[in-house]
Amino acid sequence: MNTCAPDPGWLPFCAQPSRPRFRLPPGAVDAHCHVFGPGERFPYAPERRYTPADAPKEKLWALRDRLGFERNVIVQATCHGRDNRALVDALRDAGGRARGVATVAADVGDAELRALHAAGVRGLRFSFVRRLTETPAPATLPAVAARIRPLGWHLVVYFEAPDLPELYELLAGLPVPVIIDHMGRPDVTQPADGPAFALFRRLLREHAQVWSKVGCPERLSASGPPGYDDVVPFARSIVAEFPDRVLWGTDWPHPNMTTHMPDDGALVDWIPRIAPTAELQRKLLVDNPLRLYWPELER
Ligand code: 0GY
């Protein structure tokens, strides 16, 4: 059996995205994207819940250049489990233009953390999304946070909105920056200023170490492309209220998209709708990701 064959029905990523009309600010960072395989060289994790199509580093660099980004933050996806070899290989190939977020076991050793740091890793990801992975024991997060704090690392946490009440105190108490993927996956058929999203907003308002990624409209939207209009008020309000704690990424190559595959150029053109001024755009795309991933380059 060819274990690299993607799941039946897997949508291929957009081979030739449009060139965005929106000119990204100099130094812009695509702060959420993935590298998959190639499976022949970097096999997918035996415990994975999906098998993607290969999305190797060379294709990511081509996308970066086509869209006008200068740097990438590559986030370990669940299909590679705790095997960070594809991620590390990409980071080593990037010539300093990529940093990474890895996934490790709760009892990761200091030597492994140091090796990941040398390769360019600056954070660890934990997913509480049950369809994607076995979820971590909550006590793992504070224990790991204490270990990575001296390295200046942060945590990236992925969960869906119905799980926030249960995770709230855990996230609120963490002693390192906590970056939440995709605004905690709100139900965008509800109002952005309604009670469901209020809890997420409160988490950021009351806990200065909590950040949010505000991309991924294609994954959250019920109204769909091209405008993803229903996601705009959610992302726009988070950018407006927390301009110094937001990140944006393409989410290329868009795993598990079942309805459509977005045009990455059109996703970049969506940015000014959620960050309407040059100052907000610079914070979202340059200053904030540099602070987390390239603090040595900060102005
Ligand atoms: C994303 C979202 C998804 C997948 C993963 O690690 C992953 O497998 O994050 C998803 O299916 O929602 O951010 O790429």
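The model shown is predicted, which means the values in this text are computed figures rather than measured ones. Side chains are part of it too, since the values below use all heavy atoms of this structure and drop only hydrogens, waters and symmetry mates. Atoms within each ligand, like the ligands themselves, are counted from 1 in listed order.
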Identify the closest protein heavy atom to [atom]: which residue and atom is it, and at what distance?
{"atom": "atom 10 (C) of ligand 1", "value": "Arg219 NH1, 3.3 Å"}
{"atom": "atom 14 (O) of ligand 1", "value": "His34 NE2, 2.7 Å"}
{"atom": "atom 12 (O) of ligand 1", "value": "Tyr158 OH, 2.6 Å"}
{"atom": "atom 11 (O) of ligand 1", "value": "Asn256 ND2, 2.9 Å"}

Ligand-side contact atoms (ligand 1) for residue partner [X], heavy atom cut-off under 4.0 Å:
{"X": "Arg185", "value": "12 (O)"}
{"X": "Ala77", "value": "6 (O), 7 (C), 8 (O)"}
{"X": "Tyr50", "value": "7 (C), 8 (O)"}
{"X": "Arg125", "value": "5 (C), 6 (O), 7 (C), 9 (O), 13 (O)"}
{"X": "Arg131", "value": "10 (C), 11 (O), 12 (O)"}

* Asked: So which of Asp83, Thr51, Asp54, Thr78 actually passes side chain to side chain donor-acceptor pair (under 3.5 Å) with Tyr44?
  -> Asp54
* Please indicate whether any nitrogen or oxygen in Gln76 is less than 3.5 Å from any nitrogen or oxygen in ligand 1. =>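 Between Gln76 and ligand 1, no N or O pair is found under 3.5 Å apart.
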Quick check on [X] - does any of its heavy atoms sit under 4.0 Å from an atom of ligand 1?
{"X": "His32", "answer": "yes"}
{"X": "His182", "answer": "yes"}
{"X": "Pro255", "answer": "yes"}

* Asked: Donor-acceptor pair, Glu70 side chain versus Gly27 backbone, under 3.5 Å?
  ->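 Yes, the answer is positive, given that a donor and an acceptor are paired below the 3.5 Å cut-off.
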* Asked: For the rings on Phe13 and His260, is their centre-to-centre separation under 6.0 Å?
  ->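 Not under 6.0 Å, so no.
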* **Sidechain N-carboxylate O distance under 4.0 Å for Asp251, Lys213** => no
* Nearest-0.5 Å distance that lies between atom CH2 in Trp248 and atom NE2 in His32 ->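 Going from CH2 on Trp248 over to NE2 on His32, the span is 11.0 Å.
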* Asked: Among Val75, Asp251, Leu220, Leu132, which one has a heavy atom closest to atom 5 (C) of ligand 1?
  -> Leu132
* **Asp264 versus Thr250, side-chain donor and acceptor atoms under 3.5 Å** => no
* Is there a donor in the side chain of Tyr158 and an acceptor in the side chain of Arg185, or the other way round, less than 3.5 Å apart? ->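 Yes - a donor-acceptor pair under 3.5 Å links their side chains.
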* Asked: Do Val176 and Gln209 have side-chain heavy atoms sitting under 4.5 Å apart?
  ->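 When only atoms from C-beta onward are counted, Gln209 and Val176 do not touch, as no gap falls below 4.5 Å.
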* To do: Would you verify whether the NZ or CZ of Arg202 falls within 45 degrees of the ring axis of Tyr168 while also being under 6.0 Å from that six-membered ring's centre?
  =>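 Output yes; distance and angle both within limits.
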